[in-house]
Amino acid sequence: MGTTLRNRRRFLKSSAALAGLTVTGVRPALGQSSMAEALSPKNKELIAYGERSRYVKSIRVPVAGRMSPDMYGLTFHVTTPLQDQFGIITPSSLFYVATHRGSYVPEINPDDHRLMIHGMVDRPLVFTMDELKRLPFVSRLHFIECQGNRASAQHKTVQESHGLTSCAEWTGVPLSLLLKEAGVQNGASWIVAEGAEEVKGASSIPLGKAMDDCLVAYGMNGEPLRPQQGFPLRLLVPGFEGIYQIKYLRRIKVVDRHYMTYDDYGHINADPRAAALVEQIGPKSVITFPSGGQRLPGPGFYEIGGLAWSGGGAVRKVEISTDGGSHWQDSELRSPAYPMAHTRFGMHWKWDGKECVLMSRCVDELGTVQPTRAEAGAFFEDPPERPRVRGADNTIQPWKITSDGSVLNGLS
Amino acid sequence: MASRNLLLPLIVVALSQAGSAQSPTYGIGRAPTADEIRAWDISIGPDGKELPPGRGTAKDGAQLFLQKGCGGCHGRTGSMAPAPTLIKSDGTTRNPYPCLQPCVNDNNVIALHSPYATVMWDYINRGMPLGKEQTLAPDEVYALTAFLLFKNNVIAEDDVMDAQSLPKVVMPNREGAALPPEPWQHGVPRLRNYPR
């Protein structure tokens, strides 16, 4: 009753404010007084910038093992609550966060920000943000996933095991357009992209990828990028590990070899086959319902649902097993399957109340199949009892349903 | 409508550029001055061609390691401290601090896995000391790099590190370092026939 009354009062106040707004709002720009009114503490949420219901509690949490910010005030990896999400777009406020080494989130005035392109180009160029926004743009959906996003026996929930992937609509200038404008010279084969934050995180990216589908993005889900996601400018390298998606992008140097930056040398491997499994992420999927930590109230109908993605292109299909991998059936794709984007899948399921293990398996448009941990280990001839996953881990996550309906990590 | 108008010249341009020398299309952006490029270009490649003049030895570096406060986070011995391990410890004691992710511990001493010593120079120069990044002079970066290479048994104590010698340092992992296959190609799986 009290709540209803309060909400009613809030509504009346906001209606009054709205009425005021329409009167002054006839002018092309919002008048100063309306602006102040919209931003006043009582109206901010109702008018200026909407918030979700206070009954919705879904939040990000720091990745297990390291607090964020840490003892030095550096922000580190923060996971998105996949178990609570619908569709394929991660809300910007819940998008996972990871930083180079742990770094500070810089506060950059976009008026002062510049992007420089130099190195093996005919015409080195510097762009302001306004200049970049004058150029032809595209909007595309792409996931970003941290290489550290890997299934493990210790994880209890899908947020812990897979919460370092998120998907957004990104808007920006194709990197190929900027590179053509600068004129890439013969003999160039890589670029080094670098951020403006205090550590100036940098990665080597193949020139072929840079000219193919990379975006210099300033928009995310219809807004400017969030500071934690690289405001005012970040590089999108679709399908590559998160570390390549340079935030606070300030410089692109065109070079004739891999530059082995601090962020690159973690990708080298003694075994060339293992080295091939980094950089571009393989086909991957995870069931988000039912998933670890949830509980089925009893036998009956449920909709198994989850997310699939691949760094190699679009998701072609997702298969589901309800018997620990003995039998597989095709699920339905419940969203558009865009290249290098989260894709939602679902399947009707009647639980008989008996213990079982649920698994999902993604096949991408290249025909590449998501492996189990055992299959990944067998490829490298590991002992069967100790399979080791190389590169970016895209192995299958099993969820075990016990007879009382509890959902546990099937790897534990 | 507006977007169609924008796309059309883009397609025409893309077609016309395919066979001829590239020329600027939009004329947006300006040329940076040589000084601007020099000020921003902190990338040091494996061949070291961007390394600035300067020199340093492990002895100079040992003093700087403490003077610049490196020991405060990484430990006076370069290990057994909250920040990543820089110098392999004797292995008799266990680091009491939790290993930060990415976990850089005794088995994974920072940058020693890199096939090139240039990354060590590059990272100290761009990323250290924490909160005072890009304040070290080239001599100081050479000296600190020499100190860490010496303490990890890669070079001798008297070896001088400069723009000529640093790229020639033979790192322990010089030969054992594969990268993803080149060139990267659109629509090609990461590793053929993986997992089956």
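Every chain is numbered from 1, with letters handed out A, B, ... down the list of sequences.
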Side-chain ion pair, [X] and [Y], N-O less than 4.0 Å:
| X | Y | result |
| --- | --- | --- |
| B:Arg55 | B:Asp60 | no |
| A:Arg361 | A:Glu375 | no |
| A:Lys284 | A:Glu145 | yes |
| A:Asp393 | A:Arg373 | yes |
| A:Asp382 | A:Arg390 | yes |
| A:Glu194 | B:Arg126 | yes |
| A:Lys200 | B:Glu133 | no |

Heavy-atom distance under 4.5 Å to chain B: side chain of [X], backbone, both or neither?
| X | answer |
| --- | --- |
| A:Pro206 | side chain |
| A:Asp130 | neither |
| A:Ile281 | backbone |
| A:Lys209 | both |
| A:His267 | backbone |
| A:Asn186 | neither |
| A:Ala274 | neither |
| A:Thr261 | backbone |
| A:Glu365 | neither |
| A:Glu198 | both |

Validate the cation-pi geometry between A:Arg114 and A:Phe127: distance from NZ or CZ to the six-membered ring centre under 6.0 Å, angle to the ring axis within 45°.
no
Considering only heavy atoms and a distance below 4.5 Å, find which of [options] pairs most often with chain B.
| options | answer |
| --- | --- |
| A:Lys253, A:Met116, A:Arg250 | A:Arg250 |
| A:His258, A:Arg273, A:His118, A:Arg257 | A:Arg257 |
| A:Thr368, A:Leu277, A:Val192, A:Asn269 | A:Leu277 |
| A:Gly312, A:Gly313, A:Ala376, A:Gly391 | A:Ala376 |
| A:Ala378, A:Ser310, A:Pro124, A:Pro272 | A:Pro124 |

Of the backbone (N, CA, C, O) and the side chain (C-beta and beyond), which part of [X] lies under 4.5 Å from a heavy atom of chain A, both, or neither?
| X | result |
| --- | --- |
| B:Glu36 | both |
| B:Ile42 | both |
| B:Pro183 | neither |
| B:Lys132 | neither |
| B:Asp47 | both |
| B:Tyr194 | both |

Roughly how far, to the nearest 0.5 Å, is the CG atom of B:Leu136 from the CG atom of B:Leu144?
6.5 Å
How many angstroms lie between atom NZ of B:Lys88 and atom OG of B:Ser79, to the nearest 0.5 angstrom?
10.5 Å
Has B:Arg76 got more than 12 heavy atoms of other residues, nucleotides or ligands less than 6.0 Å from its CZ?
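Open.
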For atom CD of B:Glu175, decide whether the heavy atoms of other residues, nucleotides or ligands shown that lie under 6.0 angstrom number more than 12.
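Open.
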Who among B:Leu191, B:Val119, B:Thr118, B:Asn193 has the most heavy-atom pairs with chain A under 4.5 Å?
B:Leu191
A:Asp212 versus B:His186, side-chain donor and acceptor atoms under 3.5 Å:
yes
